[in-house]
Amino acid sequence: MADSSIGSIAELDREVEALYQAIMGRQPFSYRAAEDPMYRSMADRYVQNGRLAMRDAMGSAAALTGGYGSSYAQAVGQQQFDEYLRQLSEAMPELYGLAYQQYLDEGDAMQDRYGLAYERLEGERAQEAARQAAEYQRQRDAIADERYAQEQAAKAAQQSYKQQQDRYQNLVKIISASGYDPSDAELAAAGLSRASADALRREYERTRQPAQVETRAVYYNTENPDASNVHQSTGDTAFVGRISKKTGSSSSTGSFKGGLSQR
């Protein structure tokens with residue numbers, strides 16, 4: 001459609017230019033009777049009628065002289081012929097005026113054709129300008145719509161990411177605090193892998209096992225405190241007792257205290 005419109009504008013532009021050059025290059029009016037078809041037609045008719053009139057006049061004059069030609073008859077006949085030529089000459093101003101009016105009419109017709117062609121050209125140009133403006137606006141609207149869609153998509157993606165992060169943090173807290181076993185859908189929604197969830201659950205279960213308590217029993221040799229022995233055992237009860245310890249071939253009695261120390 002655009003190419004067709006541009007082609008039409010180019011053709012009209014050439015037509016307008018040609019008409020303008022024809023108007024500007026038109027020769028000024030000049031009248032040449034020999035080139036005027038109306039004058040030639042009238043001249044032929046007047047000459048023919050003049051000759052007929054001359055012949056009739058000469059015939060009439062000859063009849064008066066007994067049928068013989070005379071200078072009088074020739075003079076009468078020439079007079080009739082000259083009368084027709086005079087009448088043709090008198091018609092010249094009228095022929096000139098008609099030719100000039102025709103020249104003016106042709107000029108007006110050229111002006112009218114130029115005006116119509118120019119109006120069509122301006123109309124086509126206005127339509128093409130409107131079409132281009134509409135196309136430009138359509139492109140701007142399309143760009144604006146695309147940009148808006150991109151902004152909305154970015155906002156939606158950002159909001160979705162934030163929601164996923166919130167779900168991720170909440171799910172990690174829940175698993176770490178309770179050992180909750182989430183479904184695959186919950187993991188997918190939070191962006192948490194099954195392996196990571198299992199690791200969190202194992203850590204939760206490990207921290208929930210009973211604490212290992214180290215019991216340290218310290219034996220005091222009552223007879224020789226410097227020779228006291230220390231024995232460690234595992235348990236959850238503090239105790240105090242007495243033991244006997246042999247030293248060489250003799251025995252000695254000692255006492256011990258037990259205490260708890262947590263590893």
Counting C-beta onward and ignoring hydrogens, is there a side-chain heavy-atom pair between [X] and [Y] closer than 4.5 Å?
X: L192; Y: I175; value: yes
X: Y84; Y: Q87; value: yes
X: R140; Y: I143; value: no
X: Q111; Y: I23; value: yes

Legend entry - Under 3.5 Å side-chain donor-acceptor pair for E135 and Q139: yes

Got a second to check how far [X]'s [atom1] is from [Y]'s [atom2], nearest 0.5 Å?
X: L200; Y: E205; atom1: CG; atom2: CD; result: 11.5 Å
X: R120; Y: E11; atom1: CZ; atom2: CD; result: 11.0 Å
X: S160; Y: Q163; atom1: OG; atom2: CD; result: 6.0 Å
X: D198; Y: L187; atom1: CG; atom2: CG; result: 8.5 Å
X: E119; Y: E124; atom1: CD; atom2: CD; result: 13.0 Å
X: N170; Y: Q165; atom1: CG; atom2: CD; result: 11.0 Å

Inset, instruction - Enumerate the residue pairs fulfilling salt bridge (Lys or Arg N to Asp or Glu O under 4.0 Å) with a member in residues 21-49, sequence neighbours excluded, ordered by first and then second residue. - result: R26-E106

Inset, instruction - Keeping to residues at least two apart or across chains, list the salt bridge (Lys or Arg N to Asp or Glu O under 4.0 Å) pairs with something in residues 160-173. - result: K162-D166

Hphob cluster co-occupancy, [X] + [Y], side-chain heavy atoms under 4.5 angstrom:
X: F81; Y: L52; answer: no
X: L19; Y: Y103; answer: no
X: Y46; Y: L85; answer: no
X: L121; Y: M24; answer: yes
X: Y100; Y: M110; answer: no

Inset, instruction - Going by the side chain to side chain contact (heavy atoms under 4.5 Å, CB included) test, name the single residue among L12, V16, D13 that passes it with Y118. - result: V16

Legend entry - Check: V172 main-chain N/O paired with S176 side-chain donor or acceptor under 3.5 Å: yes

Legend entry - Side-chain donor or acceptor of S41 paired with backbone N/O of M38 under 3.5 Å: no

Legend entry - Salt bridge present between E128 and R125 (N-O < 4.0 angstrom): no

Inset, instruction - Please state whether the rings of Y114 and Y20 are parallel, tilted or perpendicular, taking 30° and 60° as the class boundaries. - result: tilted

Exercise answer: donor-acceptor pairs, residues 88-96 side-chain atoms, under 3.5 Å, sequence neighbours excluded:
residue, atom, partner, partner atom, Å
E90, OE1, R86, NH1, 3.3
E90, OE2, R86, NH1, 2.2

Inset, instruction - Go through R113 and E15 one step at a time and tell me if the salt bridge (charged side-chain N to carboxylate O under 4.0 Å, His left out) criterion holds. - result: CA-CA 10 Å; R113 288 197 300 271; E15 180 182 352; over 6 Å; no

Inset, instruction - Apply side chain to side chain contact (heavy atoms under 4.5 Å, CB included) to the pair Y31 and Y39, showing each step before the final yes or no. - result: CA-CA 11 Å; Y31 182 73; Y39 171 80; 3.8 Å; yes

